[in-house]
There are 2 protein chains.
Amino acid sequence: MKNYSRQREAIAHALQNTTEHPTASAVYETVRETIPNISLGTVYRNLAALAEEGMIKQLSVGDSSDRFDGDISPHSHFYCEKCGKVSDVSYVADGVYPDLEKDYGFKVKASSLVLCGVCKDCNKD
Amino acid sequence: MKNYSRQREAIAHALQNTTEHPTASAVYETVRETIPNISLGTVYRNLAALAEEGMIKQLSVGDSSDRFDGDISPHSHFYCEKCGKVSDVSYVADGVYPDLEKDYGFKVKASSLVLCGVCKDCNKD
DNA sequence: TTAATAATAGTAACTATTACTGATTTTGAA
DNA sequence: TTCAAAATCAGTAATAGTTACTATTATTAA
(Lines give C-alpha, C1' and ligand atoms only; values in the text may rest on other atoms or scores of the structure.)
Protein backbone atom coordinates (compact mmCIF):
# COMPACT_ATOMS: atom_id res chain seq x y z
CA MET A 1 0.00 0.00 0.00
CA LYS A 2 1.38 3.34 -1.00
CA ASN A 3 1.89 6.29 1.23
CA TYR A 4 -1.17 8.46 0.93
CA SER A 5 -1.66 11.98 2.06
CA ARG A 6 -3.95 12.51 5.01
CA GLN A 7 -6.48 14.03 2.62
CA ARG A 8 -6.47 11.08 0.23
CA GLU A 9 -6.78 8.61 3.09
CA ALA A 10 -9.76 10.47 4.47
CA ILE A 11 -11.43 10.50 1.05
CA ALA A 12 -10.87 6.79 0.49
CA HIS A 13 -12.03 6.09 4.02
CA ALA A 14 -15.21 8.11 3.55
CA LEU A 15 -16.11 5.99 0.52
CA GLN A 16 -15.39 2.70 2.21
CA ASN A 17 -17.60 3.57 5.14
CA THR A 18 -20.83 4.18 3.29
CA THR A 19 -23.23 2.13 1.25
CA GLU A 20 -24.43 5.25 -0.49
CA HIS A 21 -22.91 6.43 -3.72
CA PRO A 22 -21.95 9.99 -2.94
CA THR A 23 -21.18 12.75 -5.39
CA ALA A 24 -17.89 14.62 -5.17
CA SER A 25 -19.51 17.40 -3.14
CA ALA A 26 -21.07 14.87 -0.77
CA VAL A 27 -17.63 13.35 -0.21
CA TYR A 28 -16.33 16.88 0.33
CA GLU A 29 -18.94 17.53 3.01
CA THR A 30 -18.15 14.26 4.77
CA VAL A 31 -14.40 14.75 4.76
CA ARG A 32 -14.79 18.33 5.97
CA GLU A 33 -15.94 16.93 9.30
CA THR A 34 -12.43 15.67 9.98
CA ILE A 35 -10.39 18.02 7.78
CA PRO A 36 -12.40 21.24 7.88
CA ASN A 37 -10.24 23.24 5.49
CA ILE A 38 -9.84 20.59 2.79
CA SER A 39 -10.34 21.98 -0.67
CA LEU A 40 -12.97 20.78 -3.11
CA GLY A 41 -10.28 20.61 -5.76
CA THR A 42 -8.34 18.21 -3.59
CA VAL A 43 -11.40 15.99 -3.34
CA TYR A 44 -11.85 15.94 -7.11
CA ARG A 45 -8.17 15.31 -7.75
CA ASN A 46 -7.95 12.44 -5.29
CA LEU A 47 -11.21 10.86 -6.38
CA ALA A 48 -9.86 10.85 -9.93
CA ALA A 49 -6.55 9.39 -8.77
CA LEU A 50 -8.22 6.67 -6.69
CA ALA A 51 -10.48 5.76 -9.60
CA GLU A 52 -7.48 5.71 -11.92
CA GLU A 53 -5.67 3.16 -9.79
CA GLY A 54 -8.84 1.09 -9.36
CA MET A 55 -9.37 1.69 -5.65
CA ILE A 56 -12.83 3.14 -6.24
CA LYS A 57 -15.31 3.29 -9.08
CA GLN A 58 -16.73 6.34 -10.80
CA LEU A 59 -20.33 6.10 -11.90
CA SER A 60 -22.53 8.07 -14.30
CA VAL A 61 -26.19 7.57 -13.55
CA GLY A 62 -27.64 10.17 -15.87
CA ASP A 63 -28.23 13.09 -13.57
CA SER A 64 -25.97 16.10 -13.25
CA SER A 65 -23.14 14.77 -11.13
CA ASP A 66 -21.09 11.62 -11.07
CA ARG A 67 -21.17 9.23 -8.13
CA PHE A 68 -18.32 7.36 -6.48
CA ASP A 69 -18.39 3.86 -5.10
CA GLY A 70 -15.91 2.40 -2.64
CA ASP A 71 -17.18 -1.09 -3.40
CA ILE A 72 -15.32 -2.31 -6.47
CA SER A 73 -16.74 -5.82 -6.42
CA PRO A 74 -18.83 -6.58 -9.52
CA HIS A 75 -22.35 -5.33 -9.15
CA SER A 76 -24.90 -3.14 -10.91
CA HIS A 77 -26.79 -0.06 -9.81
CA PHE A 78 -30.33 1.14 -9.56
CA TYR A 79 -30.97 4.87 -9.82
CA CYS A 80 -34.23 6.26 -8.51
CA GLU A 81 -35.30 9.10 -10.77
CA LYS A 82 -37.48 10.52 -8.02
CA CYS A 83 -35.20 10.76 -4.98
CA GLY A 84 -31.88 10.37 -6.79
CA LYS A 85 -30.71 7.57 -4.52
CA VAL A 86 -28.41 4.94 -6.02
CA SER A 87 -28.66 1.37 -4.75
CA ASP A 88 -26.62 -1.73 -5.40
CA VAL A 89 -28.20 -4.67 -7.14
CA SER A 90 -26.63 -7.93 -8.13
CA TYR A 91 -25.65 -8.41 -11.73
CA VAL A 92 -28.57 -8.91 -14.03
CA ALA A 93 -28.69 -9.42 -17.73
CA ASP A 94 -29.42 -6.07 -19.36
CA GLY A 95 -32.99 -5.90 -20.59
CA VAL A 96 -34.09 -8.67 -18.30
CA TYR A 97 -34.83 -7.77 -14.70
CA PRO A 98 -36.28 -11.01 -13.43
CA ASP A 99 -37.20 -10.38 -9.83
CA LEU A 100 -36.02 -6.88 -9.20
CA GLU A 101 -39.48 -5.67 -8.37
CA LYS A 102 -40.10 -8.58 -6.05
CA ASP A 103 -36.63 -8.58 -4.48
CA TYR A 104 -36.06 -4.85 -4.04
CA GLY A 105 -39.40 -3.19 -4.67
CA PHE A 106 -37.97 -1.28 -7.61
CA LYS A 107 -40.07 -0.28 -10.57
CA VAL A 108 -37.57 -0.45 -13.43
CA LYS A 109 -38.34 1.82 -16.37
CA ALA A 110 -35.12 1.85 -18.33
CA SER A 111 -31.70 0.35 -18.36
CA SER A 112 -28.37 1.23 -19.82
CA LEU A 113 -25.36 -0.99 -20.10
CA VAL A 114 -22.19 0.76 -21.17
CA LEU A 115 -19.00 -1.17 -21.76
CA CYS A 116 -15.79 0.82 -21.70
CA GLY A 117 -12.47 -0.01 -23.25
CA VAL A 118 -10.51 0.38 -26.45
CA CYS A 119 -12.02 -0.15 -29.88
CA LYS A 120 -10.55 -2.07 -32.78
CA ASP A 121 -9.08 0.95 -34.57
CA CYS A 122 -7.50 2.44 -31.44
CA ASN A 123 -6.08 -0.91 -30.41
CA LYS A 124 -3.61 -0.91 -33.28
CA ASP A 125 -0.98 1.14 -31.49
CA MET B 1 -47.88 11.56 -34.95
CA LYS B 2 -47.94 14.98 -33.40
CA ASN B 3 -47.29 18.22 -35.16
CA TYR B 4 -43.64 19.02 -34.82
CA SER B 5 -41.88 22.23 -35.50
CA ARG B 6 -39.47 22.31 -38.42
CA GLN B 7 -36.63 22.45 -35.90
CA ARG B 8 -37.77 19.42 -33.95
CA GLU B 9 -38.29 17.42 -37.12
CA ALA B 10 -34.80 18.25 -38.31
CA ILE B 11 -33.33 17.20 -34.95
CA ALA B 12 -35.21 13.90 -34.91
CA HIS B 13 -34.29 13.32 -38.53
CA ALA B 14 -30.61 13.96 -37.84
CA LEU B 15 -30.63 11.28 -35.15
CA GLN B 16 -32.46 8.74 -37.25
CA ASN B 17 -29.98 9.14 -40.07
CA THR B 18 -26.82 8.26 -38.23
CA THR B 19 -25.40 5.20 -36.55
CA GLU B 20 -23.19 7.42 -34.43
CA HIS B 21 -24.26 8.63 -31.04
CA PRO B 22 -23.85 12.37 -31.31
CA THR B 23 -23.62 14.87 -28.49
CA ALA B 24 -26.00 17.81 -28.40
CA SER B 25 -23.41 20.04 -30.05
CA ALA B 26 -22.82 17.47 -32.77
CA VAL B 27 -26.55 17.41 -33.46
CA TYR B 28 -26.48 21.20 -33.48
CA GLU B 29 -23.74 21.22 -36.12
CA THR B 30 -25.61 18.72 -38.28
CA VAL B 31 -28.93 20.54 -38.11
CA ARG B 32 -27.24 23.85 -38.84
CA GLU B 33 -26.58 22.59 -42.35
CA THR B 34 -30.29 22.80 -43.11
CA ILE B 35 -31.39 25.41 -40.56
CA PRO B 36 -28.36 27.67 -40.28
CA ASN B 37 -29.71 29.96 -37.58
CA ILE B 38 -31.12 27.32 -35.26
CA SER B 39 -30.23 27.95 -31.65
CA LEU B 40 -28.27 25.53 -29.47
CA GLY B 41 -30.90 26.00 -26.78
CA THR B 42 -33.54 24.79 -29.21
CA VAL B 43 -31.49 21.67 -29.85
CA TYR B 44 -31.19 20.94 -26.13
CA ARG B 45 -34.85 21.62 -25.50
CA ASN B 46 -36.04 19.38 -28.32
CA LEU B 47 -33.61 16.59 -27.53
CA ALA B 48 -34.98 16.60 -23.99
CA ALA B 49 -38.55 16.63 -25.28
CA LEU B 50 -37.92 13.80 -27.73
CA ALA B 51 -36.25 11.73 -25.02
CA GLU B 52 -39.11 12.46 -22.68
CA GLU B 53 -41.67 11.07 -25.11
CA GLY B 54 -39.48 8.07 -25.87
CA MET B 55 -38.65 8.93 -29.47
CA ILE B 56 -34.91 8.91 -28.77
CA LYS B 57 -32.63 7.77 -25.98
CA GLN B 58 -30.25 9.83 -23.91
CA LEU B 59 -27.02 8.16 -22.92
CA SER B 60 -24.32 8.86 -20.34
CA VAL B 61 -21.07 7.16 -21.23
CA GLY B 62 -18.83 8.72 -18.60
CA ASP B 63 -17.16 11.53 -20.51
CA SER B 64 -18.16 15.15 -20.37
CA SER B 65 -21.22 15.25 -22.57
CA ASP B 66 -24.29 13.11 -23.03
CA ARG B 67 -24.98 11.25 -26.26
CA PHE B 68 -28.26 10.79 -28.08
CA ASP B 69 -29.45 7.71 -29.92
CA GLY B 70 -32.20 7.60 -32.50
CA ASP B 71 -32.32 3.83 -32.26
CA ILE B 72 -34.58 2.97 -29.35
CA SER B 73 -34.55 -0.78 -29.88
CA PRO B 74 -32.97 -2.65 -26.97
CA HIS B 75 -29.21 -2.74 -27.24
CA SER B 76 -26.09 -1.88 -25.27
CA HIS B 77 -23.18 0.42 -25.99
CA PHE B 78 -19.43 0.28 -26.15
CA TYR B 79 -17.51 3.44 -25.40
CA CYS B 80 -13.93 3.73 -26.58
CA GLU B 81 -11.96 5.65 -23.99
CA LYS B 82 -9.34 6.54 -26.56
CA CYS B 83 -11.30 7.98 -29.47
CA GLY B 84 -14.58 8.59 -27.67
CA LYS B 85 -16.62 6.74 -30.28
CA VAL B 86 -19.76 4.95 -29.10
CA SER B 87 -20.79 1.72 -30.84
CA ASP B 88 -23.82 -0.47 -30.57
CA VAL B 89 -23.49 -3.99 -29.29
CA SER B 90 -26.16 -6.58 -28.72
CA TYR B 91 -27.32 -7.16 -25.19
CA VAL B 92 -24.85 -8.98 -23.03
CA ALA B 93 -25.02 -9.93 -19.41
CA ASP B 94 -23.14 -7.34 -17.40
CA GLY B 95 -19.78 -8.64 -16.25
CA VAL B 96 -19.73 -11.30 -18.91
CA TYR B 97 -18.63 -10.27 -22.38
CA PRO B 98 -18.44 -13.61 -24.14
CA ASP B 99 -17.24 -12.90 -27.62
CA LEU B 100 -17.04 -9.15 -27.74
CA GLU B 101 -13.36 -9.18 -28.47
CA LYS B 102 -13.78 -11.78 -31.18
CA ASP B 103 -16.96 -10.31 -32.66
CA TYR B 104 -16.13 -6.62 -32.57
CA GLY B 105 -12.42 -6.37 -31.80
CA PHE B 106 -13.15 -4.48 -28.59
CA LYS B 107 -10.91 -4.71 -25.57
CA VAL B 108 -13.39 -4.34 -22.71
CA LYS B 109 -11.93 -2.93 -19.51
CA ALA B 110 -14.98 -2.01 -17.50
CA SER B 111 -18.72 -2.17 -17.60
CA SER B 112 -21.53 -0.34 -15.94
CA LEU B 113 -25.15 -1.34 -15.89
CA VAL B 114 -27.49 1.28 -14.50
CA LEU B 115 -31.17 0.58 -14.10
CA CYS B 116 -33.43 3.57 -13.80
CA GLY B 117 -36.86 3.80 -12.29
CA VAL B 118 -38.63 4.44 -9.01
CA CYS B 119 -37.49 2.93 -5.71
CA LYS B 120 -39.63 1.30 -3.05
CA ASP B 121 -39.93 4.39 -0.86
CA CYS B 122 -40.80 6.75 -3.70
CA ASN B 123 -43.31 4.33 -5.14
CA LYS B 124 -45.70 4.85 -2.23
CA ASP B 125 -47.29 7.99 -3.64
C1' DT C 1 20.04 19.84 6.70
C1' DT C 2 18.62 20.88 2.62
C1' DA C 3 17.39 20.80 -2.16
C1' DA C 4 13.99 18.48 -5.04
C1' DT C 5 9.50 16.66 -5.46
C1' DA C 6 4.78 16.19 -4.61
C1' DA C 7 0.44 17.61 -2.70
C1' DT C 8 -2.41 21.17 -0.84
C1' DA C 9 -5.79 25.35 -0.24
C1' DG C 10 -7.84 28.73 -2.45
C1' DT C 11 -9.31 30.77 -6.46
C1' DA C 12 -10.03 31.49 -11.30
C1' DA C 13 -11.37 29.50 -15.58
C1' DC C 14 -13.87 26.36 -18.48
C1' DT C 15 -17.73 23.82 -20.47
C1' DA C 16 -22.04 21.54 -20.76
C1' DT C 17 -26.45 22.60 -19.85
C1' DT C 18 -30.44 25.34 -18.40
C1' DA C 19 -33.10 29.55 -17.77
C1' DC C 20 -34.66 33.79 -19.42
C1' DT C 21 -36.59 37.31 -22.73
C1' DG C 22 -38.62 39.44 -26.30
C1' DA C 23 -39.88 38.18 -31.06
C1' DT C 24 -42.09 34.93 -34.14
C1' DT C 25 -44.94 31.24 -35.32
C1' DT C 26 -48.83 28.25 -34.71
C1' DT C 27 -53.43 27.19 -33.15
C1' DG C 28 -58.24 27.35 -32.76
C1' DA C 29 -62.47 29.54 -31.92
C1' DA C 30 -65.39 33.37 -33.43
C1' DT D 1 -60.28 35.09 -42.56
C1' DT D 2 -59.11 37.24 -38.18
C1' DC D 3 -57.41 37.83 -33.99
C1' DA D 4 -56.17 36.53 -29.35
C1' DA D 5 -53.93 32.76 -26.71
C1' DA D 6 -50.46 29.42 -26.54
C1' DA D 7 -46.29 27.45 -28.02
C1' DT D 8 -41.76 27.69 -29.90
C1' DC D 9 -38.00 30.10 -31.37
C1' DA D 10 -33.23 32.73 -31.53
C1' DG D 11 -30.14 34.82 -28.87
C1' DT D 12 -28.09 35.58 -24.67
C1' DA D 13 -27.30 35.33 -19.75
C1' DA D 14 -26.85 32.43 -15.86
C1' DT D 15 -25.84 28.11 -13.43
C1' DA D 16 -23.33 24.11 -11.88
C1' DG D 17 -20.01 20.59 -12.11
C1' DT D 18 -15.46 20.10 -12.91
C1' DT D 19 -10.70 21.30 -14.06
C1' DA D 20 -6.59 24.33 -14.22
C1' DC D 21 -3.60 27.47 -12.03
C1' DT D 22 -0.60 29.50 -8.38
C1' DA D 23 1.66 30.33 -4.44
C1' DT D 24 2.40 27.72 -0.24
C1' DT D 25 3.13 23.72 2.62
C1' DA D 26 4.47 19.06 3.40
C1' DT D 27 7.25 15.04 2.21
C1' DT D 28 11.20 12.63 0.47
C1' DA D 29 15.88 11.30 -0.11
C1' DA D 30 20.57 12.28 -0.51
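Computed from a prediction, not measured in an experiment: that's the story for all the values here.
Residues passing the salt bridge (charged side-chain N to carboxylate O under 4.0 Å, His left out) test with B:Glu81, sequence neighbours excluded: B:Lys109. Under the rule for a side chain to side chain contact (heavy atoms under 4.5 Å, CB included), the partners of A:Tyr28 that lie at least two apart in sequence or sit in another chain are A:Arg32, A:Ile38, A:Leu40, A:Val43. By the side chain to side chain donor-acceptor pair (under 3.5 Å) test, B:Thr30 pairs with no residue at all, sequence neighbours left out. Among residues two or more places apart in sequence or in another chain, the side chain to side chain donor-acceptor pair (under 3.5 Å) test is passed with A:Ser73 by A:Asp71. For the side chain to side chain donor-acceptor pair (under 3.5 Å) test, no residue two or more places apart in sequence or in another chain qualifies with B:Lys120. For B:Lys107, the side chain to side chain donor-acceptor pair (under 3.5 Å) partners at least two apart in sequence or on another chain are B:Glu101. Applying the ring pair (Phe, Tyr, Trp, His ring centres under 6.0 Å) test to A:Tyr104 and every residue at least two apart in sequence or in another chain returns A:Phe106. When the ring pair (Phe, Tyr, Trp, His ring centres under 6.0 Å) test is applied to B:His77, the partners found at least two apart in sequence or on another chain are B:His21, B:His75.
Taking Ile, Leu, Val, Met, Phe, Trp and Tyr as members and joining any whose side-chain heavy atoms lie under 4.5 Å apart, directly or through other members, the hydrophobic cluster of B:Leu59 also contains A:Val114, B:Val61, B:Tyr79, B:Val86.
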Under 4.0 Å protein heavy-atom contact, by nucleotide of nucleotides 3-9 of chain C - B base, S sugar-phosphate only: ----SBB

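Residue A:Tyr44 places none of its side-chain N or O atoms closer than 4.0 Å to OP1 or OP2 of D:dT19.
Where the helix from C:dT1-D:dA30 to C:dA30-D:dT1 starts and where it ends, the local axes point in directions that differ by 30°; five pairs per end, rounded to 10°.
The CG-C1' distance, from A:Leu47 to D:dT19, rounds to 13 Å in whole Å. As a whole-Å value, the separation of B:Arg32 CZ from D:dC9 P is 16 Å. To the nearest angstrom, P of C:dT18 lies 16 Å from OH of B:Tyr28. Summarising the geometry, the separation between OH on B:Tyr4 and P on D:dC9 is reported as 12 Å, rounded to the nearest angstrom. When rounded to the nearest whole Å, the span between CD of A:Glu29 and C1' of D:dG17 equals 15 Å.
Taken to the nearest 0.5 Å, the NE2 atom of A:His13 stands 14.0 Å off from the CZ atom of A:Arg6. Here A:Cys83 contributes atom SG and B:Asn123 contributes atom CG; the two are 11.0 Å apart, rounded to the nearest 0.5 Å.
For DNA chain C, none of the residues of residues 56-72 of chain A falls under the heavy-atom distance limit of 4.0 Å.
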